[in-house]
Structures are given as structure tokens and as C-alpha cells.
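Comments concern the structure below.
The figures here come from the full heavy-atom set of this structure, side chains too, leaving out hydrogens, waters and symmetry mates. Sequence positions, counted from 1, serve as the residue numbers for this chain. Small disclaimer: the values here were computed from a predicted structure and weren't measured.
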Amino acid sequence: MRSRSRLGLPAVLACSVLFAAPACAEPLATAGIGVQSCEKLTKDMNPAEGLTNMTNALVFYWMQGYMSAANMALLEGDNEYIDLSLMDEKNLLPRIHEFCTKNPDKKPISLIDQMIEDADKIETKWKSGTIPWAADED
């Protein structure tokens with residue numbers, strides 16, 4: 001009987017946490033520091049510090065992942081991609097900081113989406129379906 005009482009408290013706590021969580025969270029298509037408000041980020045970003053500044057590093061690495069995913073979509077859809085070697089921290093961090101300083105009500109993802117749209121694309125031969133999760137299902 002004593003072992004049941006030991007198990008009772010953790011079970012009650014687990015259930016209380018489970019039922020205290022929101023029933024339906026709103027779905028997200030993107031998450032991370034790139035969707036934080038520019039107002040928050042400009043306080044902590046300092047492009048001159050490069051990647052030694054934690055906020056700079058988080059923003060830059062998030063952007064690399066986001067732009068890499070965009071490249072996969074470009075390759076699958078249009079057989080083209082963006083040369084990400086041109087998007088290093090010395091190029092991107094000052095641009096994001098300037099954008100966020102001028103637009104505190106926006107998010108860095110807005111600038112990145114515009115940069116992707118405006119960037120010169122490199123055409124290539126790409127076999128659709130090379131990336132299994134991006135392949136069209138017929």
C-alpha cells in the first residue's frame with residue numbers, strides 16, 4: 001500500500017501539468033529568433049562584435065537555416081538557388097541591425113524574405129524529388 005502512495009503524487013503532478021497546458025496551441029510555420037520583434041533584437045545586437053555576441057550568433061545561424069530551407073524550395077520548384085556564401089555575418093548582421101533599427105515594429109524574417117526574393121538566382125539542373133520530404137506526391 002505504501003508504494004501506491006509514492007506513485008500517487010507524481011501522477012497527480014503530471015496530470016495537473018498536462019491539463020494546465022493550452023488545449024489547442026496555434027500552429028506555427030516558422031519559429032525562432034528570426035521571428036522576434038526588431039525592437040527586442042536591436043537592444044542586444046551589435047554587428048561590430050560579430051559572432052561573439054550571442055544575439056548576433058543566434059540571428060545569423062537562424063538565418064542560415066532559414067535561407068538553406070528556402071534554397072531547397074527554390075531548387076525543387078525552379079531549379080535555381082541563391083549562393084549563400086555571399087550571405088556571411090559581415091554582410092547580414094549590419095543589414096539586419098539597420099533594418100531593425102529603422103523598423104522596430106517588424107521582424108527580421110521580413111528582411112530575409114525580401115533578400116531571398118531580390119537575390120540573383122543561379123540556375124542548375126535539379127532532379128525534383130531528390131529531397132524526399134520536398135518531393136511532390138503524384
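In Asp120, the CG atom is not crowded: 12 or fewer heavy atoms of neighbouring residues, nucleotides or ligands sit closer than 6.0 Å.
The side-chain contact (heavy atoms from CB on, under 4.5 Å) search around Ile122 returns Tyr81, Asp83, not counting sequence neighbours. Residues satisfying the side-chain contact (heavy atoms from CB on, under 4.5 Å) criterion with Ile82, sequence neighbours excluded, are Asn71, Leu74, Leu84, Met87, Ile116, Ala119, Lys121. Listed by chain and residue number, Tyr66 satisfy the side-chain hydrogen bond (donor to acceptor under 3.5 Å, both in side chains) test with Asp113 (two or more places apart in sequence, or in another chain). A search for side-chain hydrogen bond (donor to acceptor under 3.5 Å, both in side chains) contacts involving Asn46 returns Glu49, not counting sequence neighbours.
Here disulfide (SG to SG under 2.5 Å) pairs that include residues 54-83, with residues two or more places apart or in two chains, number zero. Residue pairs satisfying the disulfide (SG to SG under 2.5 Å) criterion with at least one member in residues 38-125, sequence neighbours excluded, are listed as follows: Cys38-Cys100. Listed by first and then second residue, the salt bridge (charged side-chain N to carboxylate O under 4.0 Å, His left out) pairs involving residues 33-43 amount to none (not counting sequence neighbours). For residues 90-99, the side-chain hydrogen bond (donor to acceptor under 3.5 Å, both in side chains) pairs, not counting sequence neighbours, are Glu98-Lys102.
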From CA spacing to verdict: side-chain contact (heavy atoms from CB on, under 4.5 Å), Glu123, Asn79: CA-CA 6 Å; Glu123 290 188 38; Asn79 292 321; over 6 Å; no
CA sep, side-chain torsions, deciding dist, call: Ile112, Met67, side-chain contact (heavy atoms from CB on, under 4.5 Å): CA-CA 8 Å; Ile112 301 306; Met67 293 176 98; 3.8 Å; yes
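Note: Thr101 OG1 to Ile96 CD1 = 11.5 Å, rounded to the nearest 0.5 Å. Of the inter-residue distances, the one linking Met63 atom CE with Glu89 atom CD reads 9.5 Å to the nearest 0.5 angstrom. Distance check: Leu51 CG to Asn56 CG gives 7.0 Å after rounding to the nearest 0.5 Å.
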Atom pairs and distances, donor-acceptor, side-chain atoms in residues 104-111, under 3.5 Å, two or more places apart:
from	atom 1	to	atom 2	distance (Å)
Ser110	OG	Lys107	O	3.3

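Side chain of Asn53 to backbone of Asp44: a donor-acceptor contact under 3.5 angstrom is found.
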